[in-house]
Amino acid sequence: MDDDTPPGPTPFESLGGEPVVLALVQRFYDLMDLEPSFRQLRALHPAHLEGSRDKLFWFLCGWLGGPQHYVERFGHPRLRARHLPYSIGIAERDQWLACMQQAMRETGIDPAFAERLAGSFFNTADWMRNRGG
Ligand code: HEM
C-alpha cells in the first residue's frame with residue numbers, strides 16, 4: 001500500500017459514489033425550487049439551475065474524497081471568493097444547511113453519516129458568510 005493511501009473508505013465511497021452524490025445534489029436544488037422556506041436562498045441563484053447542479057456535483061465529489069472533477073475544470077475552488085458576489089448572512093447560511101439536511105434525509109443517506117456530514121457542511125457554510133446578521 002502506498003504511504004499516502006488513507007485507511008478505510010473515503011466519505012465519497014461510504015456514501016455510495018457518484019450516483020448518490022448526484023441524487024443528493026438533484027434533490028438539494030429541487031427542494032430549493034419547491035420549498036417556500038428556501039425562497040431567499042433560491043433568489044440568490046440564477047433562473048436556471050442546471051449550471052449550479054453541475055458545479056455542486058463536481059465540487060462535492062472532490063470535497064468528499066472522490067474524483068476531482070471541479071478542480072480539473074476550474075482549478076482551485078476558492079469557494080469563499082466565488083461566493084463574495086452574493087450577500088450571505090445567518091439566514092442564507094441556515095437555509096442552505098436546512099435544504100441540504102432535508103436533501104440528505106430524502107436521499108436516504110444513513111442518519112449517523114448525515115449527521116457527520118452536516119458538521120462539515122456547517123463549517124464550510126459558516127466560512128462563506130460575508131455579511132453580519
Ligand atoms: C452559506 C450559504 C450558501 C449560499 C447562500 C450559497 C449560494 C451560492 C450561489 C448563489 C452560487 C452561484 C450559483 C451558480 O454559480 O450557479 C453558489 C455557487 C456555488 N456554491 Fe454555494 N452557497 C452557499 C454555501 C455553499 C456550500 C456550503 C458549498 C459547498 C459545500 C457551496 C458550493 C458551491 C459551489 C461549488 C458553487 C459553484 C462555484 C463556481 O464555480 O462558480 N456553497 N453558491
Side-chain angles (χ1 to χ4, degrees):
M1 206 201 312
D2 188 320
D3 279 351
D4 291 337
T5 307
T10 61
F12 175 79
E13 287 161 344
S14 303
L15 203 58
E18 290 193 359
V20 177
V21 179
L22 185 59
L24 174 65
V25 168
Q26 301 295 30
R27 194 63 198 144
F28 175 79
Y29 283 111
D30 288 349
L31 287 168
M32 206 191 284
D33 248 349
L34 287 166
E35 291 284 342
S37 53
F38 304 139
R39 202 182 306 119
Q40 245 175 308
L41 177 63
R42 178 65 186 90
L44 292 174
H45 287 75
H48 298 285
L49 291 171
E50 302 322 310
S52 314
R53 290 178 194 268
D54 285 344
K55 286 177 181 169
L56 188 60
F57 168 64
W58 290 329
F59 174 81
L60 287 183
C61 285
W63 187 77
L64 291 161
Q68 297 288 333
H69 299 307
Y70 185 95
V71 173
E72 280 163 18
R73 286 170 174 82
F74 306 112
H76 191 284
R78 298 186 302 108
L79 215 51
R80 192 166 194 286
R82 287 193 212 265
H83 283 77
L84 285 178
Y86 314 104
S87 176
I88 303 181
I90 303 267
E92 291 78 9
R93 176 199 70 187
D94 287 350
Q95 283 184 26
W96 196 101
L97 291 169
C99 190
M100 183 53 80
Q101 284 275 15
Q102 191 173 339
M104 287 196 286
R105 210 162 46 239
E106 294 183 8
T107 310
I109 291 171
D110 171 71
F113 193 78
E115 203 178 311
R116 276 178 46 206
L117 275 184
S120 303
F121 279 132
F122 177 87
N123 291 336
T124 305
D126 195 51
W127 174 60
M128 230 72 84
R129 283 195 295 125
N130 50 35
R131 190 191 79 223

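Note that these values count all heavy atoms, side chains included, but never hydrogens, waters or copies made by symmetry.
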| query | Should T107 and F28 count as side-chain neighbours, where that means a heavy-atom distance under 4.5 Å? | reply | no

| message | Do E72 and P67 have side chains that approach each other closer than 4.5 Å (heavy atoms only, starting at C-beta)? | response | no

| message | Using only atom types and a distance under 3.5 Å, with no angle test, would you say the side chain of E13 pairs donor to acceptor with the backbone of T10? | response | yes

| message | Salt bridge check, D110 against R116: does any charged N sit closer than 4.0 Å to a carboxylate O? | response | no

| field | Whether H48 side chain and E50 backbone form a donor-acceptor pair below 3.5 Å | value | no

| message | Does any part of the side chain of R93, heavy atoms only, come nearer than 4.5 Å to the side chain of I90, both counted from C-beta? | response | yes

| remark: Heavy atoms of L41 and C99 approach each other most closely as CD2-CB, 4.3 Å

| task | Measure from the side-chain N and O atoms of R80 to the backbone N and O of R129, and report whether any donor-acceptor pair falls under 3.5 Å. | result | yes

| query | Hey, are the side chains of L64 and L117 touching, using non-hydrogen atoms and a 4.5 Å cut-off? | reply | yes

| query | Does any non-hydrogen side-chain atom of Y70 lie less than 4.5 Å from one of C61? | reply | no

| query | Are H83 and E92 close enough that some pair of their side-chain heavy atoms sits under 4.5 Å apart? | reply | no

| message | Can you confirm whether W63 sits close enough to P77 that some side-chain heavy atom of one is under 4.5 Å from a side-chain heavy atom of the other? | response | no

| task | Taking the side chain as every heavy atom from C-beta outward, state whether L49 and R42 have any pair of such atoms under 4.5 Å apart. | result | yes

| Aromatic ring proximity F121/W96, centre distance under 6.0 Å | yes

